[in-house]
Amino acid sequence: CLLQLKLWNKYRVSNIPSLIFIDASTGKVVCRNGLLVIRDDPEGLEFPWGPKPFSEVVAGPLLRNNGQTLDSNALEGSHVGVYFSAHWCPPCRSLTRVLVESYRKIKEAGQKFEILFVSADRSEDSFKQYFSEMPWVAVPYADEARRSRLNRLYGIQGIPTLIVLDSKGDVITRQGRVEVLNDIECREFPWHPKPVLELTDSNAVQLNEGPCLVLFVDSEDDGESEAAKQLIQPIAEKIIAKYKAKEEEA
């Protein structure tokens, strides 16, 4: 049972069935969404299903809600938020309303930022209705293969999920939803992960994703809170650096 728990924690499994492919020689995860892989590639033509660059997976036409199209290479050089969402999901609709304002503030501040909507809607009409509220770009709903490849690339297990990428297409944070809700004014964009967080309703979801240290302090004593942060900050930084050196998520 202890081994099972370690494996669930190590690979951040939050629901079942879940199929994860691993490179046996290095122990590194090749693909988190194995169930989508075997559905999309039942003949194994793309084996060993290793991660591909974002620019390769997203390649193709993108839509704006006015019907205009543009090529995905228009995203090059910008930070990109890859937004997995659907109209039937109430938390998605709530996040979208906040995200529209965040997007506007970031653009008005002169930042190069684009959001890419990857729909999980159940019909084209539902997609069109939902996308009409969004000022950014989307993968065409009819291009199910590309939407599925993006889900596979980031191992999406639930929505809404916002993955924030740097201008090279590398992941800055998988917790874009939390960051947007915690930083309404977008002062900390593009939201590089912090070693130590103040626990809030919106970021408490991260307690489910692996081992966490939670330190309780007297919230009315600012001095104690700051001293506690200074105590655990170097420890957290050391742990993150260790995983970064191994090219793994902490």
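Residue numbers count from 1 along this sequence.
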Residues S148 and D40: side-chain donor-acceptor under 3.5 angstrom
yes
Does atom NZ of K107 have more than 12 heavy-atom neighbours, drawn from other residues, nucleotides or ligands, at distances under 6.0 Å?
yes
Closest approach of P91 to R177 (non-hydrogen atoms, all atoms of both residues)
CB-NH2, 3.8 Å
Residues K105, E101: salt bridge by 4.0 Å N-O rule:
no
So that I can tick it off, tell me whether K194 and E237 are bridged by a salt bridge, with the cut-off set at under 4.0 angstrom between side-chain N and carboxylate O.
no
Find out whether V30 and I22 are in side-chain contact, i.e. whether some heavy atom of one side chain is under 4.5 Å from a heavy atom of the other.
no
Student check: side-chain heavy atoms of H79 and K112 closer than 4.5 Å
no
With F117, which of Y130, W136, Y141 fulfils ring pair (Phe, Tyr, Trp, His ring centres under 6.0 Å)?
Y130
Begin from the C-alpha positions of L150 and L116 and carry the test side-chain contact (heavy atoms from CB on, under 4.5 Å) through to its verdict.
CA-CA 11 Å; L150 285 161; L116 174 66; 4.3 Å; yes
Contact between L62 and R146 at the side-chain level, heavy atoms closer than 4.5 Å - yes or no?
yes
When you measure from the side chain of R147 to the backbone of S119, do you find a donor-acceptor pair of N or O atoms at a distance under 3.5 Å?
yes
Please check this pair: side chain of T69 against backbone of L63, looking for a donor-acceptor N/O pair closer than 3.5 Å.
no
How long is the straight-line distance from CG of L197 back to CD of Q175, given to the nearest 0.5 Å?
9.0 Å
If you measure from OG1 on T173 to CD1 on I163, what distance do you get to the nearest 0.5 Å?
7.5 Å
Kindly give the heavy-atom pair with the smallest separation between R174 and G155, and that separation in Å.
NH2-O, 4.0 Å
Do S123 and D125 get their side chains close enough for a donor-acceptor pair, meaning under 3.5 Å?
no
Identify the heavy atoms of K52 and E56 that sit nearest to each other, and give their distance.
CD-OE2, 3.4 Å
d(K168 NZ, D166 CG) to nearest 0.5 Å is 7.0 Å
State the CG-OG distance between D121 and S85, to the nearest 0.5 angstrom.
7.5 Å
For residues L207 and V214, determine if any side-chain heavy atom of one lies less than 4.5 Å from a side-chain heavy atom of the other.
yes
Should the pair R152-E46 be classified as a salt bridge under the 4.0 Å nitrogen-to-oxygen rule?
yes
So does Q157 get a backbone contact from the side chain of T161, meaning a donor-acceptor N/O pair under 3.5 Å?
no
From R104 atom CZ to L99 atom CG, the distance as rounded to the nearest 0.5 Å
12.5 Å
Any donor-acceptor N/O pair, N65 side chain to M134 backbone, under 3.5 Å:
yes
Spell out, yes or no, whether I16 and V29 are grouped together once hydrophobic residues are joined by side-chain heavy atoms under 4.5 Å, including indirect joins.
yes
Close side-chain approach of I172 to P193, heavy-atom, < 4.5 Å:
yes
Mutual orientation of the aromatic rings belonging to F113 and W191 [parallel < 30°, tilted 30-60°, perpendicular > 60°]
perpendicular
Counting only heavy atoms from other residues, nucleotides and ligands, does the tally under 6.0 Å from CD of E43 exceed 12?
no
Using only atom types and a distance under 3.5 Å, with no angle test, would you say the side chain of S126 pairs donor to acceptor with the backbone of R122?
no
Check whether any side-chain heavy atom of V80 lies under 4.5 Å from a side-chain heavy atom of V82, and answer yes or no.
yes
Are P135 and V100 close enough that some pair of their side-chain heavy atoms sits under 4.5 Å apart?
yes
Within a 6.0 Å radius of atom CG on D201, are there more than 12 heavy atoms belonging to other residues, nucleotides or ligands?
no
Return the CD1 to CG distance between I232 and L213, rounded to the nearest 0.5 Å.
5.5 Å
Please check if the side chain of D71 supplies one atom and the backbone of P61 the other of a donor-acceptor pair under 3.5 Å.
no
Check whether any side-chain heavy atom of V171 lies under 4.5 Å from a side-chain heavy atom of F54, and answer yes or no.
no
